[in-house]
Peer 1: 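Quick one: the structure is below, questions incoming.
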Amino acid sequence: MSFQHFSELELTGESGLYRRTTRSLYENFGFDFVSIGMTAFSGAPLKWVYSAGATGERHKRIALAPGHGIGGIVIKAGKPMMLLDIDRDLDPREYSSYPIVFAEDLRSFCALPLVKSGSVVGALLCAFRSVRPDAKAIFAQLLETVDDGLCGLGVVTDDFMTVGDIAELSFDAPISASELQRSDISSIIAAQEEERMRISRELHDGVAQELLTVSFLAKQLGHLSRSKEAETVAQQIDQRIDAIVEELRTMSVTLRPSALDHLGLVAALRSHALMLEKTYGAEIVFDGSMGERRFDPAYETQVYRIGQEAILNACKYSGVETVYVDIDLEEDGSVLVLRVSDHGVGFNAEDPDIKGTGCGLLGMRERAKLIGGDLAVQSSMEGTTVLLHVPLELSRKAV
């Protein structure tokens, strides 16, 4: 199989070279999806910038921190990965760790690190949307083709990661739903919130601040040294620390967003939605006129967690590009209504397949019960709607 090479002079700029190379790989090898993901600097999130065969624009909105998703795992490990049958090779509970798989409905892929000056700066992803008996042979031809480099970058084509290696670099292992009893959920929720608040505070006020101090010292070192090499190293250290601090802030917000305590429910959900858009690529559209009205903190916390889980599930499992969130007051302001909906792949709401931890719906229903609310989940081939009604006369309204 031939592969068409393009030089810088034959194309308009570097971006043209990447686009033409991506298209050439897609056409010559018959892949269903090809994408090149790039990082701004070592340790920065990876974004799928150039692609061919995409079903939409969702994948371009995905931003993967090192160790997260296919691209994040590849850049963190510096090793290639290959899965010939995702349904066979991965535990279904791990699917949500690979946003691009959801965004493009992939079934087999080969992902290769792209290297410049000894650092991993990107990843090449070539994939099929079906399980093919000749996939391994095609991927082998791909490896031979790009072994000498791609777009002026080195390509790592050996020492592939095993499934075990991938699991260690991927998201935390989920807890089996069978390990939790329904009678324990309420106490677990209360303990989780307290622990989340403590860890979030420590990440933000402790670890992040210490790293910023180290960053300041690195900058001083670069200025004090007369060595160009030392200045370059100091800049690299500073960039790495910035990336780590950003990831810590994301973790802190996920655990317990400060916006929930200081700005309220709507602001916290909007902030979380922006983070999910970067992670999963789905557009999240907000509606409602509740504004900045505040309620009892316990109520706001439970409604936020229900909305957080519902939006996350829609981004992970629906397979759509747009998720709709509507939060408002009804019945003369006496009932708070939260609606999260999508027009994607539905599921059996009465007997859902276990995905993720397997206790998301159970936890959402228990949270609704704690604040006297009613949670309804409707799902079909036309999409899914999670609808929460909370009677506010049971809530002590915040002044």
Side-chain angles (χ1 to χ4, degrees), residues 3 18 21-26 28-39 42 44-55 58-60 62-90 94-116 119-132 135-147 149-151 153-171 279-281:
F3 176 74
Y18 285 120
T21 301
T22 302
R23 171 60 59 176
S24 186
L25 288 170
Y26 172 76
N28 289 343
F29 285 90
F31 293 123
D32 295 322
F33 178 74
V34 176
S35 187
I36 294 177
M38 303 298 293
T39 62
S42 179
L46 177 142
K47 300 197 73 173
W48 299 111
V49 184
Y50 310 99
S51 62
T55 58
R58 177 176 179 175
H59 70 287
K60 292 184 178 180
I62 295 173
L64 300 169
H68 291 212
I70 294 172
I73 291 173
V74 165
I75 62 172
K76 182 173 183 178
K79 296 181 179 181
M81 63 185 293
M82 180 190 302
L83 294 181
L84 299 177
D85 184 346
I86 289 175
D87 294 332
R88 180 197 65 195
D89 297 336
L90 286 182
E94 298 177 5
Y95 286 1
S96 59
S97 299
Y98 303 91
I100 194 68
V101 171
F102 281 89
E104 290 297 327
D105 192 27
L106 308 180
R107 289 295 174 267
S108 63
F109 66 83
C110 179
L112 306 173
L114 302 177
V115 181
K116 182 177 183 180
S119 298
V120 180
V121 297
L124 169 67
L125 174 65
C126 299
F128 294 107
R129 295 192 177 92
S130 62
V131 177
R132 295 177 48 150
K136 188 173 183 179
I138 295 175
F139 289 145
Q141 291 178 336
L142 170 70
L143 299 180
E144 292 180 4
T145 299
V146 301
D147 190 53
L150 191 75
C151 299
L153 303 174
V155 183
V156 180
T157 59
D158 55 8
D159 195 18
F160 275 75
M161 287 182 282
T162 66
V163 174
D165 295 331
I166 295 169
E168 290 180 4
L169 288 165
S170 187
F171 284 66
T279 303
Y280 292 97

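Side chains are part of it too, since the values below use all heavy atoms of this structure and drop only hydrogens, waters and symmetry mates.
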Peer 1: Please enumerate all residues that pass side chain to side chain donor-acceptor pair (under 3.5 Å) together with Arg23, with sequence neighbours excluded.
Peer 2: none
Peer 1: Output, in order, the C-alpha distance, side-chain angles, deciding distance and verdict of side chain to side chain donor-acceptor pair (under 3.5 Å) for Ser51 and His59.
Peer 2: CA-CA 9 Å; Ser51 62; His59 70 287; 2.9 Å; yes
Peer 1: If I take atom CG from residue Asp89 and atom CE from residue Met81, how far apart are they, to the nearest 0.5 angstrom?
Peer 2: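 Taking CG in Asp89 and CE in Met81, the distance rounds to 10.0 Å.
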Peer 1: Specify the closest pair of heavy atoms between Tyr26 and Asp32, including all atoms of both residues, with the distance to one decimal.
Peer 2: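 Heavy-atom minimum between the residues: CE1-O, 3.5 Å.
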Peer 1: For side chain to side chain contact (heavy atoms under 4.5 Å, CB included), just list the numbers for Thr21 and Tyr50, CA-CA rounded to whole Å, side-chain angles, deciding distance to a tenth of an Å, and then say yes or no.
Peer 2: CA-CA 9 Å; Thr21 301; Tyr50 310 99; over 6 Å; no
Peer 1: Are Ser108 and Arg132 side-chain neighbours, meaning at least one heavy-atom pair lies under 4.5 Å?
Peer 2: no
Peer 1: Can Phe29 and Thr145 be said to form a side chain to side chain contact (heavy atoms under 4.5 Å, CB included), step by step?
Peer 2: CA-CA 11 Å; Phe29 285 90; Thr145 299; 3.4 Å; yes
Peer 1: Considering all heavy atoms of both residues, which atom of Lys116 and which atom of Leu153 are nearest to each other, and what is their separation?
Peer 2: CB-CD2, 3.8 Å
Peer 1: Is Leu112 close to Phe160 at the side-chain level, that is, under 4.5 Å between some pair of heavy atoms?
Peer 2: yes
Peer 1: Please lay out, stage by stage, how Phe109 and Phe128 fare under the test side chain to side chain contact (heavy atoms under 4.5 Å, CB included).
Peer 2: CA-CA 6 Å; Phe109 66 83; Phe128 294 107; over 6 Å; no
Peer 1: Can you measure from CD1 (Ile100) to CH2 (Trp48) and round to the nearest 0.5 angstrom?
Peer 2: 6.5 Å
Peer 1: Return the set of residues passing side chain to side chain donor-acceptor pair (under 3.5 Å) with Asp147 (not counting sequence neighbours), or none when no residue passes.
Peer 2: Thr157
Peer 1: Is there a side-chain contact between Val156 and Lys79 in this structure, where contact means two heavy atoms from C-beta onward sitting under 4.5 Å apart?
Peer 2: no
Peer 1: Looking only at heavy atoms, which two atoms of Val146 and Leu150 are closest? And how far apart?
Peer 2: CG1-CD1, 4.0 Å
Peer 1: Write down the atom of Gly281, the atom of Ile62, and the distance for their closest heavy-atom approach.
Peer 2: N-CG1, 3.6 Å
Peer 1: Enter the distance from Thr39:OG1 to Leu114:CG here, rounded to the nearest 0.5 Å.
Peer 2: 9.5 Å
Peer 1: Restricting to non-hydrogen atoms, name the atom on Leu64 and the atom on Gly69 that form the minimum distance, rounded to 0.1 Å.
Peer 2: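 Reported closest heavy-atom pair: CD2-CA, 4.1 Å.
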Peer 1: Check the pair Val131 / Arg88 against side chain to side chain contact (heavy atoms under 4.5 Å, CB included), numbers first and verdict last.
Peer 2: CA-CA 10 Å; Val131 177; Arg88 180 197 65 195; over 6 Å; no
Peer 1: CD1/Ile138 to CG/Asn28 distance, rounded to the nearest 0.5 angstrom?
Peer 2: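 With rounding to 0.5 Å, CD1 (Ile138) is 12.0 Å from CG (Asn28).
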Peer 1: Counting C-beta onward and ignoring hydrogens, is there a side-chain heavy-atom pair between Leu83 and Leu106 closer than 4.5 Å?
Peer 2: no
Peer 1: Looking at residues at least two apart in the chain, or sitting in another chain, which of them share a side chain to side chain contact (heavy atoms under 4.5 Å, CB included) with Thr55?
Peer 2: Glu104, Arg129
Peer 1: Measuring from Ile75:CD1 to Ser119:OG, what's the distance to the nearest 0.5 Å?
Peer 2: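 Ile75 CD1 to Ser119 OG: 11.5 Å, rounded to 0.5 Å.
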Peer 1: Any chance you could measure Phe33, atom CZ, to Leu25, atom CG, to the nearest 0.5 Å?
Peer 2: 12.5 Å
Peer 1: Is it true that a side-chain atom of Arg107 and a backbone atom of Ile86 form a donor plus acceptor pair closer than 3.5 Å?
Peer 2: no
Peer 1: Closest approach of Gly78 and Val120, non-hydrogen atoms and distance?
Peer 2: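 So the minimum-distance heavy-atom pair works out to CA-CG2, 3.9 Å.
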